[in-house]
Number of protein chains: 2
Amino acid sequence: MAKAPVLTPRADDFPRWYQDLITKAELADNGPVRGTMVIRPYGYGLWERMQQDMDARIKETGTQNAYFPLLIPQSYLAREADHVDGFAPELAVVTHGGGKELEEPAVVRPTSEMIINASFSKWVQSYRDLPLLINQWGNVVRWELRPRLFLRTTEFLWQEGHTAHATYEEARDFAARIQRHVYADFMENTLAMDVVLGRKTVKERFAGAINTLTLEGMMGDGKALQLGTSHELGQNFAKAFNTRFLSKEGTQELVWQTSWGSTTRMVGALVMMHGDDDGLRIPPRLAAVQAVVLAVKGDDAVLAKVREMGDRLKAGGVRVQVDDRTDVPFGRRAVDWELKGVPVRIEVGPRDLESGTAMLVRRIPGAKEPVAIDSLPGLLPAVLDQDQMLLLRQSRERRESRTAEVSTIEEAVEAAASGGWARIPWAALGAEGEAKLAEHAVTVRCLVAEDGSVPESEDAPGNVAVVARAY
Amino acid sequence: MAKAPVLTPRADDFPRWYQDLITKAELADNGPVRGTMVIRPYGYGLWERMQQDMDARIKETGTQNAYFPLLIPQSYLAREADHVDGFAPELAVVTHGGGKELEEPAVVRPTSEMIINASFSKWVQSYRDLPLLINQWGNVVRWELRPRLFLRTTEFLWQEGHTAHATYEEARDFAARIQRHVYADFMENTLAMDVVLGRKTVKERFAGAINTLTLEGMMGDGKALQLGTSHELGQNFAKAFNTRFLSKEGTQELVWQTSWGSTTRMVGALVMMHGDDDGLRIPPRLAAVQAVVLAVKGDDAVLAKVREMGDRLKAGGVRVQVDDRTDVPFGRRAVDWELKGVPVRIEVGPRDLESGTAMLVRRIPGAKEPVAIDSLPGLLPAVLDQDQMLLLRQSRERRESRTAEVSTIEEAVEAAASGGWARIPWAALGAEGEAKLAEHAVTVRCLVAEDGSVPESEDAPGNVAVVARAY
C-alpha cells in the first residue's frame, strides 16, 4: 500500500494543498481577529531574509529608511478623491483612545501616501531638497473579506517607498528603476521567480496614481499573483498637500512623486511558485539553512562525523544546520526537512561511514545520490548555484508553456479557465473587452510592449495584454 | 559679540534643549494624531543600528523572531485582571472595519502578552516544545496624555520577547539573562551608557508580572529614565490562556513565562545621556558615520585629497562619509556635523595640504589638533575606541557623582529635587515611604542588593532603593 501523502496533492485541490503546506511547514496561523495572521518563526525567517536583501537594494538607490505614524486623521484620506474612493471600504477606524471618544477618528494606515505627504510638504522647500527618497518598513491594515494567509490578510507587513522629484521625467524613471532594479532583480536573482514586468490598465491602477507598474508571477496552478507595484503619482498628492519647492529659476513648483510597495505576500508566492507535493522548495540564496547534515542513527561515529561535516561546510561559507536529533525517527525528520524545503540534505548513517560516502539529496531537482564525503565541501557551492538556476528556469518554463497567444476574448477566457495565461493584442481588447473578461473573473494583469519591454503608454501601438485569473 | 548658540543651553532649560536638538539634528517630528511621531531618516538610522545589534544578541540566546497581529479582540485583555487594569486607560480601540461596526471591538496592541499566549497555548503541547523563545519587532500604541518625542509617544517601535519554560527557575534565569547579557551588555558596550540594574518594587511592576527587572540610566539633568525591562510573568498568563504542557512525568503543567522589551525611547536616552550644548554625541560603535572627511574649500587638490582619504579610511574598516559640498559654507557644515554628533571630523583645507596635515576634531572629548594626514588611517581605530570608552566613563562618573547616600525620606526628596539620585536602605523606606516619595514626584527606580547585584527578592536584607525623579 502506498504511503498516505503528507499534503493534499496539488492536482487534487490546489488551495487545500496551499493551506496544508502553510500549516505543516509551520509558516503561519490565523489570528483571532478576522483576516489577521500569526507569522511563525519559520515563515518569519523567510520574510526577514527577504527584507535584508531588499533593504540593501533599496538603499543602493540612495533611498533612506524612516518611520511615519500608524494612525492617520480620517480627514486626511479625503484630500485625494481617487485615493479615498479606493481605500474607504477597507479601513479600520479607531474611534476611542485613552478611554475617551476621539474628536476626530483616526484610521489605521492602509498605505502612507497621506501621512507622508504631510511631512514632505514641510521638508521640501527648495530644489536642493530633491529628490527626497524615503522608504518605510511596517505594517498596514486593509479590511479583508475573503482572507487567505500571506496572500490577502487584514494586516500585512511590507515596505513602502515614497519619493518626490523636481520633474515628471525623473519621477517616471525612478518608478521604473524600482520595478526593474529593485523588485525584478530581487525576485529573479534571490527568489528564483520568473516575473513579467508591465504596466497596469487604467482600471487596475493604484487609487491616486497616474501610472502603475507591476510585476506578475504565475503560480503552480496557472493563476497570476501581483508581486509588487511601483506607481507614478504625478502631482496628485502634491496638490492635495501643497508640496511645493523653489525651483532653480525661482518659481514655486509642485513636486512629482512615486510610491512603491512589496509585501509578505511574497512568502505566499514563494510557496505557490516553487512548492511541490512534498512541500516547499526554498531558493538556496534565500534559505537561512542551505544544507542540513542528518545523522541517520545515534551512533557515536556518525554523530562525530555529522558535526565535523557541519563545521567544514560552515567554514566553506555554506549555511548549515546539523540534525543530530536521533531520538526522533529518521524518516520523520527527512519528511520534515522536505516539507520545509531546505535545498540540500546530507544523510550520514553507519554504512555510509564504512564506504566513506554520504547520501546527497537535492530538494529542487528531487535527486538523490551517494557521494564521497570528502568531496562535499568542494561540491556544495556549485550544487546550490545550479539548483538556484534550475528553480528560476522551471518557473519560467511553466509560464511560457502555459501562456497562449490568442486573438479573441473567448479564447482568452478559455485559456484562463483551463489554468493558464493568455496574451492578446490590447487593440483587440481595450477597456470594453476588459469589462467582458471581468464577467468571467479574468483580469488584465498588465500590458507589455511588442518587444517584451514595459510600454511607455497604454495606447502605444503593439501593446499586448497579459490576462489571467488572479489571486 | 558672542555667536548665538545653536541650541538652548542645557543649564538654561533642559527640556527645551532636548526639543531643540531633536528638531535641529532632524531626528523626529510630531505626527498629526496627538502623541504620534515621525522618525526622520537620521533618527531612524540610529534605531536601525540599535535593532541590528540587539537582534544579533537576542538570537544568540536561541530566541527566534516571529510576528503576531496588531489587532487584539477586546475580550482577551480582560482575561488577566492586573493586566487589563494596567492597560485599559491607554488603549486605542478599533470599532469599525470594512465600513461596518465590528461585532467585537479590537484594541491596537499596547503589548502582546495576550495575543501571543493565544498562540503559545496551541503550540506548546509537551516538554519537548520548551523552552519556547520568541521575539517580535513591531509597533505598539498606548494613548499618551503628555507626549514627548521618543520618551513617551502614543505609538512607539520596540522589540518584545516572550518565552515559555518548564520551571520557575528556568524562567527566572532567562529573564535575568536578558537583563544582563542582552540589554545591559548592549547599552554599555554599544551605546556607551551607564546603567543601573535592579528590580522594581511591587508598586512599579509590569501589570501581570510577578517580578520586573529594570535598567535605569541617569540623564544629563540628573533625572532617571527606564531603558528596558525584563519580566517574570510566573503562571499568570498561562492560567488565563490555559497554556499547559505534558511533563516528562506525564502530568499536565502550566508553563512559566517571561516577557521583555526595549523601545525607541533608547534614542531619546542617547540624546539626553550623551548630548551637550553643541548637539548629539554618537558612540562610535553605534554611529553609521564614524568619521566625516570635510573639504574646507572647493579646491581641486583638496577635493582629490578628501576623496582619497575617504577611500583609505573605508578600506581600513572605518565608516566614513566624505563631505565635499563646498557650495555650502564650511562653518555651517561643521556646526551641522557637530549637531549630528559624528564622532570624528577630519577637516582638510589648502593650507593643510601644504603642511601635509589635517585637523582632527574629536566630538566626544571636544578636542581639536592637527595631525599628519598619512597617520590618520593608522590612528583612527584607536581614537574611536578611546572615545567610545570615554563616553561610557563620563556617563558613569556623572551618575556616581550625582548619587547621594541618604537615610531619610526628606534627604532623598532633596537629592532628587536638586537634580540627582539618592540611595536609601529599602528597610528605612518600604512601601509607605515609597508612597510619601510619590507626593514629591519621586519614585523608586529600582532595588539593588548591598553588593550592587540584582536582589533575589524585594525583602532581601541590605536591599537599597535607588530613588529619583524620572521621565
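Lettering follows sequence order; numbering is per chain, from 1.
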I need the minimum non-hydrogen distance between [X] and [Y], along with the two atoms involved.
X        : Y        : value
A:Pro110 : A:Phe87  : CB-CD2, 3.8 Å
B:Ile72  : B:Thr111 : CD1-O, 3.9 Å
B:Gly35  : B:Pro147 : CA-CB, 3.6 Å
B:Val93  : B:Pro105 : CG1-CB, 3.7 Å
B:Arg57  : B:Asp53  : NE-OD1, 2.7 Å

Worksheet item: Should the ring pair B:Phe237 and B:His83 be called parallel, tilted or perpendicular, given that the plane angle runs from 0 to 90° and is split at 30 and 60?
Response: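 The rings of B:Phe237 and B:His83 stand perpendicular, inter-plane angle above 60°.
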If you tally heavy-atom pairs under 4.5 Å against chain B, which of [options] wins?
options                             : value
A:Glu26, A:Lys59, A:Glu104          : A:Lys59
A:Asp29, A:Asn65, A:Asn135          : A:Asn65
A:Glu144, A:Arg128, A:Glu155        : A:Glu155
A:Gln136, A:Met37, A:Arg40, A:Arg34 : A:Arg40
A:Tyr42, A:Tyr67, A:Tyr44, A:Trp137 : A:Tyr67

Worksheet item: Among B:Ile134, B:Thr36, B:Leu70, who wins on heavy-atom pairs under 4.5 Å with chain A?
Response: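 With the most close heavy-atom pairs to chain A, the winner is B:Leu70.
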Practice prompt. May I ask you to name which of B:Leu145, B:Val108, B:Leu71, B:Thr264 has the most heavy-atom pairs under 4.5 Å with chain A?
Written response: B:Leu71
Portion of [X] that has a non-hydrogen atom of chain B nearer than 4.5 angstrom:
X        : value
A:Pro89  : backbone
A:Ala106 : side chain
A:Lys100 : neither
A:Leu91  : backbone
A:Ile116 : neither
A:Ser119 : side chain
A:Asp327 : side chain
A:Val107 : neither

Worksheet item: Side chains of B:Val320 and B:Val289: closer than 4.5 Å at any heavy-atom pair?
Response: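 No; the side chains remain at least 4.5 Å from each other.
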Discussion item. Could you check whether any side-chain N or O of B:Thr153 sits under 3.5 Å from a backbone N or O of B:Phe150, counting only pairs where one atom can act as donor and the other as acceptor?
Written reply: no
Fill in: Pi-cation contact, B:Trp158 with B:Arg142 (under 6.0 Å, within 45°)
yes
Fill in: B:Arg79 NZ/CZ over B:Tyr76 ring centroid, <6.0 Å and within 45° of normal
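Pair B:Arg79/B:Tyr76 counts as cation-pi.
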Response to the item:
Applying a strict 4.5 Å limit to non-hydrogen atoms, the region of B:Val141 in contact with chain A is side chain
Practice prompt. Sort B:Ile115 into side chain, backbone, both or neither according to what part of it lies under 4.5 angstrom from a heavy atom of chain A.
Written response: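 Only the side chain of B:Ile115 comes within 4.5 Å of chain A.
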Worksheet item: What about the rings of B:His162 and B:Phe120, do their centers lie closer together than 6.0 Å?
Response: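 They do not qualify: ring centres at least 6.0 Å apart.
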